[in-house]
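Every chain is numbered from 1 and lettered A, B, ... according to where its sequence line falls, protein lines coming before strand lines.
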Amino acid sequence: MSTVQRTGVDDETRTKRTFEYAPGVVDRDDPLHGELLELNMGPQHPATHGVLRIQVLLDGENMVKVEPDVGYLHRGKEKTCESLGWRKFFVHTDRLDYLQPLMNNCAYALALEQLGGIQVPERGQTIRVLLMELSRIMAHLIYLGTTSIDLGAVTMFFFTFSEREKIYALLDAYTGHRMNNTYIRIGGVYADVEEHAEREIRAWLAQFPRKIDEFETMLTGNRIWYDRNRNVGILTPQMCKDWSLTGPNLRASGVEWDLRKQQPYSGYEHYEFEVPVGTIGDCYDRYAVRIEEMRQSVRLAEQALDRLARTRGAEFLADDRRYVLPPKSTVHTSMEELIHQFKIVTDMSLPKGEAYHAVEASKGELGFFVASDGTSHPLRCHIRAPGLMNVQAIPVLAEGRLFSDMVSIIGSLDFVMGEVDR
Amino acid sequence: MVIVKRKELSLAEKLYLPEVLRGLSVTFRKMFEPKVTRQYPEEPLPKTEVTRGQPRLVVNEDDAIACVSCGLCEAACPAYAITIDGGETDRAIEREPKRFDIDMLRCILCGFCEEACPKDAIYMSDELELADYSREALIYDIEKLKRPKAALQKRIDYVNRINKRWQTPSST
């Protein structure tokens, strides 16, 4: 990470701020002082955002020791990939971080394309960017809704969910499913965006910034939101590096690191957008960064739609018969195409080698490492899920603080257990 | 790069009460907006030709099933939901499935079978509701999967439309 630029506050102020707010003041006259209570938070606790169990050792209201326990949703995805083969694993990537299935699809496809040296046509890349930005908005809406309902703002939950429902309706009308879209293919996407879908997405994007303003009306100046998030769970850039935190959590600490800018993929270098960064790195900054990211995603999606309008009718799938299914009409008439069809479905193999490709997902760097021995089944598929790193940061942030801060910290770190346990 | 603002609370916001009223004004305005709740079973979700519902087998105009039991959908299925036993037939296409079962409890509606089928025999219908009293009843056999071509025509047209790429066959 040589190009990291530090912004905002210097280290001294940052440390000062950390200790300005003293949460762990233990009342030594309390008769119960010194008696520790072990508390299990989860795996069914609604504030743990899935099946995460956290063992907390409490001294009164203060957390002495915090230990997250992951694995309740382990389904062996990485091993499944080895037995399923390259193509069939796409449906499993949907179910990793189920709030942004299209993003996972893209990350996996990009890793395979890097391994196979496949060029995706421009229109295919643009459609992917559009879908990835829509998924980012969807995932951030869930973050906003669930975090605010955990902190007591029930109305916000319904506001964000009704917006998210509209994206789901768009995806339903355009990709065929609301969740688990399985829409991305090696070399491009499954189908082209039709003109009416473009219009509908544009109409939704036009009204969405007003909705973000509305969310901010509810939260930004809200005293409860303010008190429960300000100066809670402060992450310094060094801590982020130590715990390999990426994405909005890292940016909220003031590090400008966005894979869309630093290692552009899918043509992100041609788009105009800003990377939002925070100054202190507390829960409030993480909230503000995600709100700004949604606005930037709207900008990106609009630019992608403009590009789609320019390239209408162009190819959206790579013309590569080793990996891409031939069009159906030719399968009926040409023997070679029929052979390709059978070969790709039953025995599509990628060249020998290794590849790692990461995308900037809503929760951080989502990377797929794939190793191939030249056969139709991967030798190894490792998923670098950002959620796991975010879970690791819970004890660092929570220990020594009040128990009520735990909910803010869990909410603001933002993880999905489907991806953490995979 | 844009540095996000850290808003400091004004006096009115610190007092909290005016802010409660301001927040309630947003909530109050919402009361007069159109309802977004859908009364689901009575008011079904919109279905288009894009909707990927449960897979169904095409029956051609001559009442014969289009499937030739090549087993490509079985190979493409990531959920191992399809089981096929092939057999001979007197018809011109020579082969047809003796048994074609789709375990609807396993099916994840991904559409890979439709994509793989070289004979246009299996299509994703817009049928989505799935409920029964036993697991066995949800393993659909040929009789339950058969649909006349006309019922699937919209989906067939859609698949043909999205496959209109590379007009000339490639030389690879």
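Put simply, of A:T80, A:I224, A:T333, the one with the most heavy-atom pairs under 4.5 Å next to chain B is A:I224. Taking chain A as the reference chain and counting heavy-atom pairs below 4.5 Å, the highest number among B:E114, B:E49, B:K47 is found for B:E114. No other option in B:T51, B:L109, B:N160, B:V159 has as many heavy-atom pairs under 4.5 Å with chain A as B:L109. Ranked by heavy-atom pairs shorter than 4.5 Å toward chain B, the options A:I291, A:D282, A:T155, A:L338 are led by A:D282. With respect to chain B, the highest number of heavy-atom pairs below 4.5 Å among A:E274, A:E292, A:H177, A:M218 belongs to A:H177. Considering only heavy-atom pairs separated by less than 4.5 Å from chain B, the leading option among A:D192, A:V289, A:I344, A:D285 is A:D285.
When heavy atoms are compared at a cutoff of 4.5 Å, B:C77 approaches chain A solely by way of its backbone atoms N, CA, C and O. For A:R95, the part lying under 4.5 angstrom from a heavy atom of chain B is the side chain only. Of the two parts of B:R29, neither the backbone nor the side chain holds a non-hydrogen atom closer than 4.5 Å to a non-hydrogen atom of chain A. Only the backbone of A:A173 comes within contact range of chain B, judged by heavy atoms closer than 4.5 Å. Of the two parts of A:R295, neither the backbone nor the side chain holds a non-hydrogen atom closer than 4.5 Å to a non-hydrogen atom of chain B. For chain B, the nearby part of A:T175 is the backbone; its heavy atoms alone come within less than 4.5 Å. Looking at A:N181, only its backbone comes within 4.5 Å of chain B, counting heavy atoms on both sides. Both the backbone and the side chain of A:F342 come within less than 4.5 Å of a heavy atom of chain B. Only the backbone of A:N180 has a heavy atom closer than 4.5 Å to any heavy atom of chain B.
Judged by distance alone, with hydrogens and angles left aside, the side-chain atoms of A:R87 form no donor-acceptor pair with the main-chain N or O of B:P78 at under 3.5 Å. Judged by distance alone, the side chain of A:K88 and the main-chain N or O of B:A75 form a donor-acceptor pair under 3.5 Å. In terms of modelled atom types and a separation under 3.5 Å, the side chain of A:Q341 and the main chain of B:P118 share no donor-acceptor contact.
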Next item on the list: Start with the C-alpha gap between A:E165 and B:R38, add the side-chain angles, then the distance that decides, and say whether side-chain contact (heavy atoms from CB on, under 4.5 Å) holds.
Entry: CA-CA 11 Å; A:E165 177 60 36; B:R38 195 189 297 273; 5.7 Å; no
Item checked: Residue pair A:V331, B:K119: steps toward the side-chain contact (heavy atoms from CB on, under 4.5 Å) verdict -> CA-CA 9 Å; A:V331 173; B:K119 294 301 284 181; over 6 Å; no
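Atoms NE2 and OG1, on A:H196 and B:T48 in that order, are 7.5 Å from each other to the nearest 0.5 Å. Taking CZ from A:R223 and CG from B:L17, the interatomic distance works out to 12.0 Å, rounded to the nearest 0.5 Å. Taken from SG in B:C110 to CZ in A:F90, the straight-line distance is 12.0 Å, to the nearest 0.5 Å. For the atom pair OG (A:S162) and NZ (B:K35), the distance works out to 14.5 Å, reported to the nearest 0.5 Å. For the atom pair OG1 of A:T182 and CZ of B:R52, the computed distance is 5.5 Å after rounding to the nearest 0.5 Å.
Considering every non-hydrogen atom in both B:Y158 and A:A191, the closest pair reads OH-CB, 3.7 Å. Closest of all the heavy-atom pairs between A:P327 and B:N163 is CB-O, 3.3 Å.
Looking at B:V4 and A:Y284, their side chains never come closer than 4.5 Å, going by heavy atoms from C-beta outward. Residues A:K328 and B:E115 are not in side-chain contact: their nearest non-hydrogen atoms beyond the backbone lie 4.5 Å or more apart. Contact check for B:L72 versus A:T346: side-chain heavy atoms found under the 4.5 Å cut-off. Side-chain contact between B:V50 and A:Y174 is absent, with no heavy-atom pair separated by less than 4.5 Å. Residues B:R161 and A:E194 form a side-chain contact, since some pair of their non-hydrogen atoms from C-beta on lies under 4.5 Å apart. Side-chain contact between B:M1 and A:R251 is absent, with no heavy atoms from C-beta onward closer than 4.5 Å.
Among residues at least two apart or in separate chains, ring-ring contact (aromatic ring centres under 6.0 Å, His included) pairs with a member in residues 9-63 of chain B are B:F28-B:F32.
For A:K343, the NZ atom counts as loosely surrounded, since its 6.0 Å shell holds 12 or fewer non-hydrogen atoms of other residues, nucleotides or ligands. Atom CD of A:Q207 has more than 12 heavy atoms from other residues, nucleotides or ligands within 6.0 Å. Other residues, nucleotides and ligands place no more than 12 heavy atoms under 6.0 Å from the CD atom of A:Q119. Residue-environment remark: CD (A:E272) stays at or below the threshold of 12 foreign heavy atoms within 6.0 Å.
Under the 6.0 Å distance and 45° angle rule, B:K30 does not count as a cation-pi partner of A:F158.
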